[in-house]
J.: 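What follows is a structure written as structure tokens; I'll ask about it next.
Quick note: numbers below take in every heavy atom, side chains included, and nothing from hydrogens, waters or symmetry partners. Each ligand, and each atom within it, is numbered from 1 in the order the structure gives.
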Amino acid sequence: MLPNQQQWDAFHAAVKKQAGLDLGLYKANQMQRRIIGMVEAQGMKSLDEFTAWILGNRSNAAAFLDKMAINVSELFRNPEKWVQMRTQVIPELLQGSSKLRCWSAGCSYGAEAHTLAMILDAHFSGSHTIVGSDIDQAALGQAREGRFGATDVKGVPKEFRDKYLLQSGNDYVARPELKRYLTFKTQNLLADRFDSGFDLIMCRNVVIYFTDEAKDQLYRRFYDSLRPGGVLFVGSTERINASGEIGYETSIPFFYRKPIKGDKQWRNAS
Ligand SMILES: C[S@@+](CC[C@H](N)C(=O)[O-])C[C@H]1O[C@@H](n2cnc3c(N)ncnc32)[C@H](O)[C@@H]1O
């Protein structure tokens, strides 16, 4: 089954209408392969049939979004980055504000947001807030429960595992004291408005599916949403090509800072 451009256009229009998502902002090859896989898995004969199914009911479009999302995550993903977060990034952020406002953008089922909550609670307790956002409703439901599988917790240092995770059957559940930091909400990073004044934005392993233009636009919008001195944390295979042009400074790989006027702390590094 190889749909033609007209069929893809009709499919994009249906998803835009029912779910508000512009599929044109995702890398075409990757996305088309996944969609064709879904059509076949549903036992449908053509993309047109799938388009009609999406148009048939808004909950079908939501189910499509949940399936399209690649939710892979884990607690303390890239552990060395979380050591830098705890020892360097957070202490510097706290020099600028005592209550950190943090955002996990594309949070999936909340592993990244819970990792940060554990670090803040254990080492920097205060009235910090962490909002996690995603387009995937099912993943957000799991994030609100704070429920993780055995593979999610394998990299959690013992001090955090003992203090914050309770075993529940084969799963683990985050202890209730972490909930006071966390809220989760639906948000499309490619269309919805962003809040501003964040100390820390984490957006990791989300933009790999976006076109270069969509990525560039997103990194500019994150810059506007950070307070001066605020930091954007990206994934370990990700780089902001236009970081200097946008205005970011970086001294620690994968952490990009919005400068504070007159402060040379990060500027000359790396
Ligand atoms: C691989 S997960 C990343 C989870 C976590 N940030 C991490 O690094 O472990 C990618 C997430 O991006 C989300 N995503 C994809 N497109 C999005 C969009 N336009 N707006 C918000 N989230 C999106 C997916 O639903 C998925 O949950």
J.: Does the gap between the ring centers of Tyr256 and Tyr219 come in under 6.0 Å?
T.: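 Centroid distance Tyr256-Tyr219: not below 6.0 Å, so no.
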J.: Considering only distance and modelled atom types, tabulate donor-acceptor pairs under 3.5 Å from the side chains of residues 201-209, sequence neighbours left out.
T.:
from	atom 1	to	atom 2	distance (Å)
Arg204	NH1	Glu112	OE2	3.2
Arg204	NH2	Arg77	O	3.0
Arg204	NH2	Asn78	OD1	3.0

J.: Taking any residue with a non-hydrogen atom under 4.0 angstrom from an atom of ligand 1, which ones do you get?
T.: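 Under the 4.0 Å cut-off, ligand 1 touches Leu21, Tyr26, Ala69, Ile70, Asn71, Val72, Ser73, Arg77, Gly106, Ser108, Glu112, Asp134, Ile135, Asp136, Gln187, Asn188, Leu189, Leu190, Arg204, Asn205, Val206, Phe210.
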J.: From His12 NE2 over to Asp22 CG, what is the distance, rounded to the nearest 0.5 angstrom?
T.: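 Rounded to the nearest 0.5 Å, the NE2-CG separation comes out at 8.0 Å.
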J.: Show every donor-acceptor pair shorter than 3.5 Å between a side-chain atom in residues 115-122 and any protein atom, with sequence neighbours excluded, or say none if there are none.
T.:
from	atom 1	to	atom 2	distance (Å)
Thr115	OG1	Phe76	N	3.0
Thr115	OG1	Ala111	O	2.7
Asp121	OD1	Arg180	NH2	3.3
Asp121	OD1	Tyr181	OH	2.6
Asp121	OD2	Tyr164	OH	2.7

J.: Between Tyr109 and Asn71, is there a donor-acceptor pair closer than 3.5 Å when you use the side chain of the first and the backbone of the second?
T.: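 Such a contact is absent between Tyr109 side chain and Asn71 backbone.
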J.: Tell me the side chain to side chain donor-acceptor pair (under 3.5 Å) pairs involving residues 35-54, sequence neighbours left out?
T.: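 As it turns out, the side chain to side chain donor-acceptor pair (under 3.5 Å) pairs with a partner in residues 35-54, which skip direct neighbours, are Gln7-Asp48.
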